Trainee: 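Sharing a structure, written as structure tokens. Questions coming.
What you see is a predicted model, and the numbers here were worked out from it, not measured in a lab. Here is how names work: the chains are called A, B, and so on, in the same order as the sequence lines, proteins then strands, and each is numbered from 1.
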2 protein chains.
Amino acid sequence: MASIKDVAAEAGVSVATVSRVLNDHPSVSADARTRVLAAVEALGYRPNAVARSLRTDQTHTLGLVISDVLNPYFTELARSVEEEARALGYSVIIGNADERPDLQDHHVRNLLDRRIDGLLVSPTDGGSPLMLDAVRAGTPMVFVDRWIPGVAVPVVRADGQAAVRDLVAHLHGLGHRRLAIIAGPAATTTGQERVAAFRDALEAYGLELPDAYIGQGDFQAESGRRVTEGFLDLPEPPEVVFAADNLMALGALDAVRARGLRVPEDLALAAFDDIPWFVHTDPPITAIAQPTGDLGRAAVRALVDRIEGRRPASVTLPARLVVRRSCGENPNPVQRSTS
Amino acid sequence: MASIKDVAAEAGVSVATVSRVLNDHPSVSADARTRVLAAVEALGYRPNAVARSLRTDQTHTLGLVISDVLNPYFTELARSVEEEARALGYSVIIGNADERPDLQDHHVRNLLDRRIDGLLVSPTDGGSPLMLDAVRAGTPMVFVDRWIPGVAVPVVRADGQAAVRDLVAHLHGLGHRRLAIIAGPAATTTGQERVAAFRDALEAYGLELPDAYIGQGDFQAESGRRVTEGFLDLPEPPEVVFAADNLMALGALDAVRARGLRVPEDLALAAFDDIPWFVHTDPPITAIAQPTGDLGRAAVRALVDRIEGRRPASVTLPARLVVRRSCGENPNPVQRSTS
DNA sequence: CCTCCTTGTGGAATCGATTACACGACTTCG
DNA sequence: CGAAGTCGTGTAATCGATTCCACAAGGAGG
């Protein structure tokens with residue numbers, strides 16, 4: 001592969017001049033410029049990003065560590081992140097943690113070793129020493145979707161409280177009184193918050209959330225299946241199950257189906273995170289939709305702000321309820337929204 | 001961030017010795033080794049991958065350019081690619097082309113600039129000059145899923161011919177005679193092949209595939225919707241629609257639903273590419289399943305073979321038919337398989 | 001006509017690693 | 001006891017870019 005030296009030789013100038021042309025530095029004569037450009041063209045020269053990064057200490061690259069690529073929510077997030085980053089002149093390297101802290105650490109380490117300019121993380125746990133060290137060392141970082149309490153890093157996320165209240169109102173209006181939740185891992189903020197929001201909303205209707213109605217999931221389909229089976233085995237099973245993410249809702253649907261039961265007649269179902277497929281499931285699933293694209297874009301902008309020396313604030317965008325048929329027929333369905 | 005010089009100073013040795021310890025070169029005394037290791041620990045030193053890559057001309061990184069991250073098929077492919085690559089000591093940088101040749105070129109260029117060790121591509125078109133130049137220049141490359149005819153690059157893909165035959169047999173057995181297809185872009189091999197396989201299979205039953213029954217899609221949901229509407233507007237609409245990928249099937253389902261029609265009673269539906277959600281749609285969708293994980297792993301192994309100087313062969317794995325209910329009730333359903 | 005800028009250019013240092021080569025200190029063996 | 005290895009280490013070149021500094025040429029101004 002041709003290097004800057006080859007170009008310099010071909011154009012009959014020094015490497016310094018070639019570099020100046022490439023970075024359009026003002027003090028280059030028109031003549032030298034055309035000769036260099038011609039040489040670049042002739043040799044098909046492309047600057048070596050590795051060498052450039054070493055010298056300038058900038059990679060123009062962002063790291064994105066997400067909890068699970070197979071989750072359509074995170075896929076969409078990743079896509080919007082890459083799009084916005086590209087618009088701002090950055091590339092993105094994605095690390096998939098698969099909800100495993102060890103894999104998360106692997107990717108964070110890898111990205112730091114590559115000297116990415118900044119890191120976007122949706123932490124799967126309370127924060128490994130590695131990540132905390134990186135924050136302390138001043139690595140530009142932004143949390144997206146989930147965060148780690150007590151760490152001075154901007155957070156870009158959706159607030160589901162109002163939407164969860166709307167959901168509970170919807171369920172209550174349909175006559176449901178025994179409501180259960182499939183929670184996410186307690187180590188994640190989204191795991192905890194969604195349970196808290198649900199409990200608060202129930203309280204407003206004088207309803208309780210007994211421990212038996214809180215199933216411990218891990219944001220994966222299999223746990224949704226397992227927890228739902230537990231619910232169905234209860235002496236008094238719930239009338240509704242609210243899954244804290246879309247994959248666990250899928251698992252719940254499986255479990256209900258496997259027993260020959262029907263949604264919503266035998267068990268109603270709602271989910272956090274709306275995805276295109278929920279329109280086509282049998283029945284279509286009522287869900288709380290996050291403004292995923294906006295979150296991704298806001299997160300990138302915040303991170304780039306940090307990289308360029310500004311001090312971005314956290315961003316919280318509202319989620320909204322999308323009513324479908326999985327909780328029972330609504331005589332005259334209304335699309336509820338909090339925005 | 002601490003550099004190798006800091007470590008050398010801290011340990012009281014030269015940078016050469018530090019480097020030797022880090023790359024466990026044999027000729028280092030036990031004493032020097034422990035001192036270096038202690039210094040590394042004390043400083044929290046991590047080698048700069050950028051500098052290392054510049055010197056060694058190896059990045060231990062693979063590029064993966066896929067056609068559409070939002071397509072669950074490619075998401076799963078990306079995941080298995082990353083997994084296998086990690087097992088072999090490589091990282092992966094993913095570029096999402098969104099079925100756009102210009103974006104594909106952007107990512108290929110970006111990845112080449114970063115001096116990735118090898119490139120995995122699922123081309124969205126017939127091959128830009130950029131990609132062809134890269135091949136000619138000797139960049140290790142492997143095509144996955146789709147390929148570019150006439151280019152000397154190993155291909156890792158699934159063969160759907162037998163499965164399409166099984167599908168047509170299944171449809172014929174259910175009494176369907178007017179079969180239509182939503183094709184992918186003609187510029188992609190998968191776009192062409194699936195139509196050809198479908199036509200051949202129909203021929204075996206004495207059925208034709210009239211032009212009116214070949215809809216031109218682009219592997220995106222919206223095109224599936226549009227094409228299906230066209231089919232339904234025909235004086236003699238088809239009885240079955242076979243979508244060449246899962247997103248177009250989703251669009252087709254939308255279109256049917258929007259007219260108040262039902263699957264499979266009014267229009268039967270089948271898709272290429274099986275995904276977990278197809279179990280839960282209404283009705284569950286009959287699909288041709290690719291061994292996606294195996295494809296991803298085989299592609300990585302082939303690419304690493306090329307990088308390490310061997311000459312890997314192309315790999316073709318069989319796809320298989322998974323019968324569900326979207327084509328009509330089968331009196332006694334059998335899972336057909338070609339393997 | 002001499003100084004002082006301005007402009008364009010090249011030489012060389014630098015980023016942080018790897019590695020060829022030289023060298024000193026020991027061992028070993030004839 | 002001297003020659004020939006072996007072993008561990010350091011010096012310095014190198015990868016491909018960017019950029020500071022020096023300098024030459026030419027124009028402007030006193």
Trainee: More 5' along DNA chain D: B:Ser14 or A:Asn48, using each one's nearest nucleotide?
Mentor: B:Ser14
Trainee: Figure out the CE/P separation between B:Met1 and C:dA17, and round it to whole Å.
Mentor: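 About 10 Å, once rounded to whole Å.
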Trainee: Whole angstroms only, please: what is the CD1-P distance between A:Ile4 and D:dC15?
Mentor: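 In whole Å, D:dC15 P lies 14 Å from A:Ile4 CD1.
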Trainee: Could you check A:Lys5 against A:Arg52 and say which one's nearest nucleotide on DNA chain D is further toward the 5' end?
Mentor: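 The answer here is A:Lys5.
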Trainee: So if I take every side-chain heavy atom of B:Arg55 and compare against C:dC15, C:dT19, D:dT9, which nucleotide ends up nearest?
Mentor: C:dT19
Trainee: In terms of heavy-atom contacts, does CZ of B:Arg310 have more than 12 from other residues, nucleotides or ligands at under 6.0 Å?
Mentor: yes
Trainee: Taking atom types as modelled, find out whether B:Arg114 and B:Asn110 have a side-chain donor-acceptor pair closer than 3.5 angstrom.
Mentor: yes
Trainee: What's B:Ser27 touching, base or sugar-phosphate or nothing? Going by heavy atoms closer than 4.0 Å.
Mentor: base
Trainee: D:dA17 P sits how many Å from A:His60 NE2, rounded?
Mentor: 16 Å
Trainee: Using a cut-off of 4.0 Å on non-hydrogen atoms, how would the nucleic acid contact of A:Ala49 be classed: base, sugar-phosphate, or nothing?
Mentor: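 Nothing, no nucleic acid heavy atom in range.
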Trainee: State, to 0.1 Å, how close B:Val28 and B:Thr17 come at their nearest heavy-atom pair, and which atoms those are.
Mentor: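 So the minimum-distance heavy-atom pair works out to CG1-CG2, 4.4 Å.
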Trainee: Ignoring hydrogens and geometry beyond distance, is the side chain of A:Arg20 in donor-acceptor contact with the base of C:dG10 at under 3.5 Å?
Mentor: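 Answer is yes: a donor-acceptor pair is held.
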Trainee: In whole angstrom, give the distance that lies between atom CZ of B:Arg46 and atom C1' of C:dA17.
Mentor: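 Atom-to-atom, B:Arg46 to C:dA17, this comes out as 14 Å.
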Trainee: Which nucleotide in the list D:dT11, C:dA17, D:dG8 gets nearest to the side chain of B:Ala51?
Mentor: C:dA17
Trainee: In whole angstrom, what separates B:Arg115's CZ from D:dG16's P?
Mentor: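 Nearest whole value for this atom pair: 9 Å.
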Trainee: Look at A:Thr17 and C:dG10 and indicate whether a side-chain polar atom (N or O) is within less than 4.0 Å of OP1 or OP2.
Mentor: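 Affirmative; the distance criterion is met.
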Trainee: Base, sugar-phosphate, or nothing: which does B:Ser19 touch, judged by heavy atoms less than 4.0 Å apart?
Mentor: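 Base, at least one base heavy atom under 4.0 Å.
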Trainee: Could you tell me whether B:Asn23 contacts a base, only the sugar-phosphate backbone, or nothing, with contacts defined as non-hydrogen atoms closer than 4.0 Å?
Mentor: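 Here B:Asn23 touches the backbone only, sparing every base.
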Trainee: Which is more 5' along DNA chain C, the nucleotide nearest A:Ala32 or the one nearest A:Val15? Just name the residue.
Mentor: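 The answer here is A:Ala32.
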Trainee: Side-chain N or O of B:Ser29 less than 4.0 angstrom from OP1 or OP2 on D:dC7?
Mentor: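 Checking B:Ser29 against D:dC7: no side-chain N or O falls below 4.0 Å of OP1 or OP2.
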Trainee: For A:Ser67, run the side chain to side chain donor-acceptor pair (under 3.5 Å) check against A:Arg100, A:Arg146, A:Gln104 and tell me which one passes.
Mentor: A:Arg146
Trainee: With distance as the sole criterion, is a donor-acceptor pair present between the side chains of B:Tyr73 and B:Asp145 under 3.5 Å?
Mentor: yes
Trainee: Give the rounded distance in Å between these two atoms: CG of A:Asp6 and C1' of D:dC15.
Mentor: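 For the pair A:Asp6 CG and D:dC15 C1', the rounded distance is 13 Å.
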Trainee: Just how far, in rounded Å, is P of C:dG8 from CZ of A:Arg35?
Mentor: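 Distance, rounded to whole Å: 14 Å.
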Trainee: Roughly, in whole Å, what's the span from CZ in A:Arg33 to C1' in C:dG8?
Mentor: 12 Å
Trainee: Once you apply a heavy-atom cut-off of 4.0 Å, does B:Val50 come out as touching a base, just sugar-phosphate, or nothing?
Mentor: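 Counting heavy atoms under 4.0 Å across all strands, no contact is made by B:Val50.
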Trainee: What's the closest nucleotide to the side chain of A:Ala16 if the choices are C:dG11, D:dT9, C:dG16?
Mentor: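 So the side chain of A:Ala16 is nearest to C:dG11.
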Trainee: Is a side-chain N or O of B:Thr61 found less than 3.5 angstrom from the main chain of B:Ile116, in a donor-acceptor match?
Mentor: no
